[in-house]
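Hydrogens, waters and symmetry mates play no part in the numbers below; they use all other heavy atoms, side chains included.
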Amino acid sequence: MPAPRMSSTPLPGIGVRYDLTTREHRRLSVVAQRDGARILNAYHPDDPDACALSVRLSAGETEALIDALMPAHHSPNLLSTTGLGLVAERIELPSVSYWSGRVLGDTRLRTETGASIVAVLRRADAIPSPGPDFRLSGGDTLIVIGTREGVDAAAAILGQE
């Protein structure tokens, strides 16, 4: 299979347009705007200059689409699933969270859900095995392990504002 043809064109004041021609000679383009948004365009197969579809994507939507297109598709929040029925997920503590400034033990997360917080990611730091006296902060990303139901219940508790 020949390598896909990809080219880029600077768009002054806007960003960069990336053009891809597939092995089936279909043309796609992505306009990467300076504000993080993307515009995905697909062109008619019989007229590669006629746009058949144009979709504006936010930065978050772009990340979700990239994740879905990855060769080994995975959810960026879902870290692993084992045959034991356990999942590990990243749960972000909202900046306006009820729990911001409170200690982890106050959440009663493990008692209420059976799920455990095994690490906290804060800015560039990783805090493994936080104890019950660990003080949470809005914007923390919590690594939570438990059953699917337990992790979902933990996310609901942690999402309180």
Side-chain angles (χ1 to χ4, degrees), residues 4 6 8 10-11 13-20 22 28-42 51-161:
M6 182 75 117
S8 64
L11 302 172
I14 298 170
V16 179
R17 185 183 76 217
Y18 298 93
D19 292 297
L20 169 71
T22 70
L28 303 170
S29 73
V30 174
V31 176
Q33 296 183 323
R34 294 181 355 186
D35 66 359
R38 301 291 187 262
I39 300 173
L40 173 64
N41 299 303
C51 189
L53 171 72
S54 184
V55 180
R56 182 178 168 82
L57 302 170
S58 69
E61 292 165 337
T62 300
E63 288 178 23
L65 180 59
I66 289 169
D67 181 54
L69 293 171
M70 296 286 291
H73 175 74
H74 70 283
S75 167
N77 290 332
L78 184 62
L79 299 177
S80 64
T81 303
T82 68
L84 300 174
L86 299 176
V87 297
E89 240 180 65
R90 298 171 187 252
I91 299 173
E92 186 171 337
L93 197 66
S95 59
V96 294
S97 173
Y98 170 81
W99 303 110
S100 184
R102 299 179 189 267
V103 295
L104 181 57
D106 288 349
T107 66
R108 297 185 37 84
L109 204 68
R110 193 158 166 188
T111 302
E112 298 294 326
T113 69
S116 297
I117 296 174
V118 298
V120 176
L121 308 177
R122 181 176 286 164
R123 296 179 206 90
D125 297 324
I127 300 103
S129 304
D133 58 341
F134 178 81
R135 195 159 301 279
L136 297 167
S137 180
D140 284 351
T141 298
L142 310 175
I143 308 301
V144 182
I145 293 182
T147 63
R148 172 81 271 151
E149 296 79 17
V151 171
D152 288 345
I157 290 170
L158 294 168
Q160 292 177 0
E161 294 183 8

ask   = Step by step, would you call L121 with R90 a side-chain contact (heavy atoms from CB on, under 4.5 Å)?
value = CA-CA 9 Å; L121 308 177; R90 298 171 187 252; 3.5 Å; yes

Practice task
Indicate yes or no: does R102 engage D140 in a salt bridge with an N to O separation below 4.0 Å.
Solution key: no

Between the CG atom in L142 and the CG atom in L158, the distance rounded to the nearest 0.5 Å is 5.5 Å

Check: D133 main-chain N/O paired with R135 side-chain donor or acceptor under 3.5 Å: no

Take L136 and T107 through the test side-chain contact (heavy atoms from CB on, under 4.5 Å) and record every step on the way to the result.
CA-CA 10 Å; L136 297 167; T107 66; 4.0 Å; yes

In short, I145 meets V151 closest at the heavy-atom pair C-CG2, 4.1 Å

Heavy-atom closest pair (G36 atom, R38 atom, distance to 0.1 Å) is O-NH1, 3.2 Å

Heavy-atom nearest pair, R56 first then E61, reads O-OE1, 3.9 Å

- Does CZ belonging to R122 count more than 12 external heavy atoms closer than 6.0 Å? yes

When rounded to the nearest 0.5 Å, the distance separating CD1 of I39 from CZ of R17 is 11.5 Å

Here the gap from W99 atom CH2 to D106 atom CG, rounded to the nearest 0.5 Å, amounts to 6.5 Å

Interatomic distance, CD1@I14 vs CG@D35, rounded to 0.5 Å, equals 11.0 Å

Between the CD1 atom in I143 and the CD1 atom in I127, the distance rounded to the nearest 0.5 Å is 10.5 Å

Between the OG atom in S54 and the CG atom in L40, the distance rounded to the nearest 0.5 Å is 7.5 Å

Is R110 close to T113 at the side-chain level, that is, under 4.5 Å between some pair of heavy atoms?
no

Taking every heavy atom of A115 against every heavy atom of A154, the minimum-distance pair comes out as CB-CB, 4.3 Å

Item to check | Worked verdict on L109 versus E112 for side-chain contact (heavy atoms from CB on, under 4.5 Å) | outcome: CA-CA 5 Å; L109 204 68; E112 298 294 326; over 6 Å; no

